[in-house]
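Notes to accompany the following structure.
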Amino acid sequence: MNQEKNQTAEDDFEGGVDTEAPEQEQQDSTSEADSDDGQKSEEEEARELPSQAAAVHQRLRKDGQKELARDSMALLWSAVAAGISMSFSMVARGLMHAQLPDSGAGFMIECLGYTVGFIVVILARQQLFTENTVTAVLPVMSHPTFANFGALGRLWGVVLIGNMIGAALSAITFLNMPMFDPATHDAFITLGKHLMEKTPFEMFSSAVLAGWMIATLVWLIPAADQAKVWIILIITYVMAIGGFAHIVVGASEMFYMVFSGNADWSDFLLRFGLPTLAGNVVGGTFIFALISHAQIRGDLEAQKERKQGLIQRHHKKKQADRKAQD
């Protein structure tokens, strides 16, 4: 019985499938709270998180659990929508590039257009691959089982495919429908050529930093409250100025290059796709998520041990009360 309660305490705090306390324990904690004249019960105190970082970690972990449990088709459609929405970054930047002078000031202004897609996707809660390199990874780090790794692989695969489909559909639409003037089409080509100036290793290196920055953005969002748009705008604006490669935004530009005949599929896959994907994953998962999990790991272990100790003492007290009644 104690072992089951200890496992419940671990799952509820650190990771895995969140479980509710048994009804009897909830009633007992309620009666204890009443007897203490409104003071917090031991179980309620045990549920308090040891730091703000741990609170953010827990919130993102629970978001990740929900994403890992979602139906594949629901994930796919949300990811397709995100791929289409992320093309707004290329559109906004291309429109500004076509109208602004070729100068330092013009470049700084047009980089604001890069932020549009991220603002839309994040506020609309659509599935973006680089966002899932953080939220969906935290539950797996808490409980690194084969089942959890399999669920993470399914999530990543579905979301990445959906994002690419959405980006490709956008590029085809922009090319074949009379939406933009020739100057704007030329601006889209210019953006794609600028992206292709990087070598594969340069692409990978810049993508590592982009993955780190998106992961930082995801970490900051829970505490941002009404400042969410500003957080998104500032971080993604820096990404645009630095030319840091992002797998979905860059895919919109590269699909446009391929479909317009200015690049081939080997350029898309070898010069952009694989290096950028690897860099985003390394920056978002193997650097940021690992460090973020490690910084609160000690707090989690201490809190878990304290909570288990409180539940065990509560169980012993109940047993003693039963013996006294007998």
Side-chain angles (χ1 to χ4, degrees), residues 73-102 106-107 109-131 157-198 203 210 229 232-233 236-237 239-240 243-273 276-277 280:
M73 287 305 298
L75 286 172
L76 180 63
W77 284 113
S78 181
V80 171
I84 295 172
S85 297
M86 286 303 294
S87 68
F88 293 168
S89 290
M90 184 187 77
V91 170
R93 189 170 183 180
L95 289 169
M96 292 182 179
H97 183 88
Q99 301 299 323
L100 292 169
D102 187 9
F107 172 76
I109 295 173
E110 78 173 52
C111 285
L112 287 171
Y114 185 88
T115 69
V116 174
F118 288 97
I119 293 173
V120 172
V121 168
I122 294 175
L123 295 185
R125 305 286 294 177
Q126 295 170 346
Q127 290 293 325
L128 184 65
F129 175 78
T130 47
E131 186 178 359
V158 170
V159 171
L160 181 61
I161 291 172
N163 287 166
M164 294 299 103
I165 292 173
L169 290 173
S170 297
I172 293 173
T173 302
F174 298 155
L175 271 170
N176 294 284
M177 296 187 69
M179 295 180 174
F180 306 105
D181 57 26
T184 304
H185 284 288
D186 291 340
F188 293 156
I189 298 299
T190 300
L191 294 176
K193 289 181 177 179
H194 178 70
L195 179 64
M196 292 176 60
E197 289 176 356
K198 294 183 176 69
M203 196 78 74
V229 173
I232 300 168
L233 189 148
T236 55
Y237 182 62
M239 288 174 58
F244 305 134
H246 185 274
I247 185 63
V248 185
V249 179
S252 299
E253 299 171 1
M254 288 302 299
F255 275 127
Y256 196 92
M257 293 288 288
V258 171
F259 295 149
S260 64
N262 289 278
D264 54 37
W265 287 108
S266 64
D267 293 326
F268 182 97
L269 186 63
L270 301 179
R271 294 184 61 182
F272 164 75
T276 303
L277 177 62
N280 286 166

Fill in the blank from the handout: Correct closest heavy-atom pair for F107 and A240 would be CZ-O, 4.2 Å

Handout entry: Contacts of type ring pair (Phe, Tyr, Trp, His ring centres under 6.0 Å), residue F272, not counting sequence neighbours
Key = F268

Problem - pair I119-V229: side-chain heavy atoms closer than 4.5 Å - result: yes

Practice task
Measure the spacing between CE of M86 and OG1 of T130 and express it to the nearest 0.5 Å.
Solution key: 7.0 Å

Practice task
Could I get the full list of side chain to side chain contact (heavy atoms under 4.5 Å, CB included) partners for A98, not counting sequence neighbours?
Solution key: A183, T184, A187

Handout entry: Side-chain heavy atoms of L195 within contact of M203, under 4.5 Å
Key = yes

Exercise for the section: Decide yes or no for E253 and M196: does some side-chain heavy atom of the first lie under 4.5 Å from some side-chain heavy atom of the second? Expected result: no

Completion exercise
Of all heavy-atom pairs linking L112 and T115, the shortest is O-OG1, 2.7 Å

Problem - Backbone of G243 reached by a side-chain donor or acceptor of K198 within 3.5 Å - result: yes

Practice task
Using a 4.5 Å cut-off on heavy atoms from C-beta on, say whether the side chain of V249 contacts that of T236.
Solution key: no

Handout entry: Qualifying residues under ring pair (Phe, Tyr, Trp, His ring centres under 6.0 Å), relative to F118, sequence neighbours excluded
Key = Y114, H246

Handout entry: Heavy atoms of other groups near N176 CG, more than 12 under 6.0 Å
Key = yes

Distance-only donor-acceptor pairs under 3.5 Å for side chains of residues 160-172, two or more places apart:
| from | atom 1 | to | atom 2 | distance (Å) |
| --- | --- | --- | --- | --- |
| N163 | OD1 | F129 | N | 2.9 |
| N163 | ND2 | A79 | O | 2.8 |
| N163 | ND2 | Q127 | O | 3.0 |
| S170 | OG | S87 | OG | 3.2 |
| S170 | OG | G166 | O | 3.0 |

Fill in the blank from the handout: Taken to the nearest 0.5 Å, the spacing of F174 CZ from Y256 OH works out to 9.0 Å

Fill in the blank from the handout: S85 meets the side-chain hydrogen bond (donor to acceptor under 3.5 Å, both in side chains) criterion, sequence neighbours left out, with Q126

Handout entry: F259 to L175 - nearest heavy-atom pair and separation
Key = CB-CD1, 3.3 Å

Practice task
State which residues pass side chain to side chain contact (heavy atoms under 4.5 Å, CB included) with N262; sequence neighbours excluded, sorted by chain then number.
Solution key: I189, K193, M257, S260

Exercise for the section: Determine, step by step, whether I232 and L123 satisfy the side-chain contact (heavy atoms from CB on, under 4.5 Å) criterion, reporting the C-alpha distance in whole Å, the side-chain angles of both residues, the deciding distance to 0.1 Å, and the verdict. Expected result: CA-CA 10 Å; I232 300 168; L123 295 185; 4.3 Å; yes

Handout entry: Flag, side chain of S89 to backbone of G117, donor-acceptor distance under 3.5 Å
Key = yes

Problem - Min side-chain heavy-atom separation H194-L191 under 4.5 Å - result: no

Problem - Residue of the set L128, N280, V159, V121 for which side-chain contact (heavy atoms from CB on, under 4.5 Å) holds with V248 - result: L128

Completion exercise
Rounded to the nearest 0.5 angstrom, the CE-SG distance for M239 and C111 is 11.5 Å

